[in-house]
Peer 1: 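Here it is, the structure in full.
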Amino acid sequence: MARRAIVVGTGFGLRVHVPALRAAGFEVAALVGQDAERTTRRAQRVSVAAGFDSLATALDATGAEVVTIATPPDTHAELAGLAIAAGRHVICEKPLALSVEQAEAMTKAAGEAGVVALVGTEFRWDPAIEAVRDAIASGHVGRPHTATIVRSYPILAAADAGTPGWWFDPARGGGWLRANGTHLLDQLQLWLGPIVEVSATLGQAVPRSAGGADDGYGALLRTATGAVGVIQECAAAWGEPVEVTRVAGTAGTVSIVDGQAHLTTPDGSRRLTPDAPPPPSAVPGDTRPWTAQEIASYTGLARWLRQRLDNPGGEAAPRFPRPATFADGLAVLRVVEAIQTSAEQRRAVSVPFSPEESHEPTNRH
């Protein structure tokens with residue numbers, strides 16, 4: 001059965017969503033952008049049949065059952081709401097919404113509609129991320145007590161770094177915390193459970209004429225199980241990228257080094273991730289080194305959705321990796337807003353969470 005999807009967004013959507021959906025077996029029926037003529041040209045460039053400047057028009061014209069949203073965060077609530085109201089399944093980029101209030105409404109609407117509603121934290125399909133989750137869940141590290149995540153990148157080191165304008169506009173959901181920190185917070189909560197307290201700082205190392213959103217942050221975290229952690233990122237640091245990921249427990253430590261997961265216990269150290277084929281080629285002309293890995297991970301997310309839709313009972317969709325639902329995206333936004341409040345007020349802030357909220361994908365259609 002051919003399943004059709006609409007991609008909203010002509011940047012990341014064109015670059016990653018389109019090839020990933022196709023690799024997962026979807027037909028990409030349309031591309032939606034701000035300008036119909038320009039969007040049609042871009043659609044033709046990647047052999048998508050139609051381009052539109054309206055999601056409503058695209059839904060009517062194609063009858064596609066899946067909508068993926070790769071637009072700025074301040075547009076997510078409206079676009080996802082339109083797709084959900086039409087009974088379509090949704091993958092929405094992170095951060096899920098501009099605010100917790102919006103994310104709560106989106107999560108409620110998706111639940112009431114019975115559609116599958118997922119967040120584009122695609123790196124859950126990175127083999128190393130999944131290996132860390134499995135090692136912790138399997139008890140190989142014992143009781144996790146300390147998590148350390150550090151990232152240092154030169155991506156925004158230049159004042160004129162070529163990025164979309166909304167990246168530095170707090171009113172539109174900009175900032176490195178929301179752009180990339182949401183991935184890391186999602187991973188921490190996937191591994192260790194809900195974060196319940198934060199003490200944080202936000203900063204802009206390089207002044208931007210485009211706006212005052214952060215290009216780095218640091219936070220001390222505490223989880224509901226008592227584990228503590230530190231997460232620190234700077235996207236404006238000259239030099240080679242630095243990535244540190246470690247979760248230490250009473251029986252061992254699991255870490256990611258050069259993209260590979262390792263487990264160290266009193267008996268020694270071993271690699272957890274098997275040798276794997278190289279990721280698929282990036283879109284022709286895209287020289288960004290991370291694009292191929294983004295496509296590979298997003299393909300895993302899209303393939304999970306395809307399997308779920310083909311088997312509404314969920315039997316064919318693997319339990320792990322599993323996608324982030326709107327409930328997971330809402331949980332991450334609660335931590336993001338707590339980090340922002342902590343930075344503004346210079347104090348520790350509690351993070352509300354609801355243990356009764358289901359984070360499992362639903363599909364009553």
Side-chain angles (χ1 to χ4, degrees), residues 9 11-13 16-17 68-77 80 90-104 106-107 117-126 129 133 147 149-151 153 155-156 163-164 166-195 198 200-202 213-219 221 223 229-235 243 245 290 293-294 297-298 301 321-343 349 351 353 359:
F12 190 80
V16 173
H17 286 208
T68 73
I69 300 169
T71 56
D74 59 332
T75 67
H76 290 178
V90 179
I91 300 176
C92 183
E93 272 306 313
K94 46 77 197 165
L96 178 57
L98 203 54
S99 67
V100 164
E101 183 180 22
Q102 284 185 349
E104 287 174 338
M106 293 163 68
T107 303
L118 309 176
V119 183
T121 43
E122 76 275 15
F123 292 117
R124 286 183 176 216
W125 269 263
D126 183 296
I129 301 301
R133 185 211 61 77
I149 295 184
V150 177
R151 300 285 187 270
Y153 301 120
I155 298 169
L156 304 179
T163 60
W166 67 266
W167 270 40
F168 298 112
D169 185 350
R172 301 193 64 195
W176 194 248
L177 170 63
R178 287 174 177 261
N180 196 66
T182 44
H183 276 301
L184 304 181
L185 292 170
D186 176 73
Q187 290 161 22
L188 279 173
Q189 296 201 119
L190 174 69
W191 295 339
L192 302 176
I195 294 167
V198 300
T201 61
L202 286 170
D214 63 278
D215 56 21
Y217 63 90
L221 314 167
T223 73
V230 60
I231 178 171
Q232 178 183 335
E233 282 202 274
C234 179
E243 295 187 346
T245 304
W290 54 84
Q293 187 56 49
E294 288 174 325
S297 296
Y298 229 100
L301 170 59
R322 74 162 183 83
T325 65
F326 274 21
D328 292 309
L330 168 58
V332 167
L333 265 181
R334 286 176 176 152
V335 180
V336 167
E337 290 197 358
I339 286 173
Q340 292 174 318
T341 299
S342 176
V349 173
V351 183
F353 77 100
H359 291 206

Peer 1: Side chain of His76, backbone of Pro95: donor and acceptor closer than 3.5 Å?
Peer 2: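 Looks like yes, one N/O pair under 3.5 Å.
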Peer 1: Suppose we screen for side chain to side chain donor-acceptor pair (under 3.5 Å). Which residues come up paired with Gln187, at least two apart in sequence or across chains?
Peer 2: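 Gln187: no side chain to side chain donor-acceptor pair (under 3.5 Å) contacts found.
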Peer 1: If you measure from CD1 on Ile129 to CG on Asp186, what distance do you get to the nearest 0.5 Å?
Peer 2: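 Separation between the atoms: 9.5 Å.
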Peer 1: Search all heavy atoms of Leu118 against all heavy atoms of Phe326 and return the closest pair with its distance.
Peer 2: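 It is O-CE1, 3.3 Å.
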Peer 1: Could you tell me which residues satisfy side-chain contact (heavy atoms from CB on, under 4.5 Å) with Leu192, sequence neighbours excluded, listed by chain and number?
Peer 2: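 So Leu192 forms a side-chain contact (heavy atoms from CB on, under 4.5 Å) with Ile136, Pro144, Ala147, Leu188, Thr223, Val247.
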Peer 1: Search all heavy atoms of Val119 against all heavy atoms of Leu301 and return the closest pair with its distance.
Peer 2: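 Heavy atoms only, the tightest pair is O-CD2, 4.1 Å.
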Peer 1: Taking Ser342 for its side chain and Ala338 for its backbone only, find out whether a donor-acceptor pair lies under 3.5 Å.
Peer 2: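 Such a contact is absent between Ser342 side chain and Ala338 backbone.
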Peer 1: Could you go step by step and tell me if Asp328 and Arg124 meet the side-chain contact (heavy atoms from CB on, under 4.5 Å) rule?
Peer 2: CA-CA 12 Å; Asp328 292 309; Arg124 286 183 176 216; 3.9 Å; yes
Peer 1: Answer yes or no: is there a donor N or O on one side and an acceptor on the other, between the side chain of His17 and the main chain of Phe12, under 3.5 Å?
Peer 2: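 Not at all, since once roles are kept as given, no pair shorter than 3.5 Å links the two residues.
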Peer 1: Drop me the distance from Asp126's CG to Thr121's OG1, to the nearest 0.5 angstrom.
Peer 2: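 These two atoms lie 12.5 Å from each other.
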Peer 1: How long is the straight-line distance from CG of Leu333 back to CG of Leu98, given to the nearest 0.5 Å?
Peer 2: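 Answer rounded to 0.5 Å: 9.0 Å.
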Peer 1: Please lay out, stage by stage, how Thr68 and Tyr298 fare under the test side-chain contact (heavy atoms from CB on, under 4.5 Å).
Peer 2: CA-CA 11 Å; Thr68 73; Tyr298 229 100; 5.7 Å; no
Peer 1: So, the side chain of Gln189 versus the backbone of Ile195: is there a donor-acceptor pair under 3.5 Å, distance only?
Peer 2: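 A pair under 3.5 Å: yes.
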Peer 1: Run the salt-bridge test on Arg334 and Glu104 with the 4.0 Å N-O cut-off and return the result as yes or no.
Peer 2: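 Answer for the salt bridge query: yes.
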Peer 1: Run the side-chain donor-acceptor check on residues 166-175: report pairs under 3.5 Å with partners two or more places apart or on a different chain.
Peer 2:
| from | atom 1 | to | atom 2 | distance (Å) |
| --- | --- | --- | --- | --- |
| Asp169 | OD1 | Ala171 | N | 3.0 |
| Arg172 | NE | Asp74 | OD2 | 3.0 |

Peer 1: With a 3.5 Å cut-off and no angle check, do the side chains of Gln293 and Ser297 form a donor-acceptor pair?
Peer 2: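 Gln293 vs Ser297: donor-acceptor pair found between side chains.
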Peer 1: When you look at Met106 and Val90, which way does the side-chain contact (heavy atoms from CB on, under 4.5 Å) test go after all the steps?
Peer 2: CA-CA 11 Å; Met106 293 163 68; Val90 179; over 6 Å; no
Peer 1: Taking all heavy atoms of His183 and all of Gly120, pick out the closest pair and write down the distance.
Peer 2: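 For His183 versus Gly120, the nearest heavy atoms are CE1-O, 3.9 Å.
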Peer 1: Determine, step by step, whether Arg151 and Ile231 satisfy the side-chain contact (heavy atoms from CB on, under 4.5 Å) criterion, reporting the C-alpha distance in whole Å, the side-chain angles of both residues, the deciding distance to 0.1 Å, and the verdict.
Peer 2: CA-CA 8 Å; Arg151 300 285 187 270; Ile231 178 171; over 6 Å; no
Peer 1: Going from OH on Tyr217 to OG1 on Thr201, what distance comes out if it is rounded to the nearest 0.5 angstrom?
Peer 2: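 These two atoms lie 10.5 Å from each other.
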Peer 1: Assess, by modelled atom type and distance only, whether the side chains of Glu233 and Tyr153 contain a donor and an acceptor separated by less than 3.5 Å.
Peer 2: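 No, Tyr153 and Glu233 have no side-chain donor paired with an acceptor closer than 3.5 Å.
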Peer 1: Could you tell me the separation between the OG1 atom of Thr182 and the CG atom of Leu96, rounded to the nearest 0.5 Å?
Peer 2: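 Going from OG1 on Thr182 over to CG on Leu96, the span is 10.5 Å.
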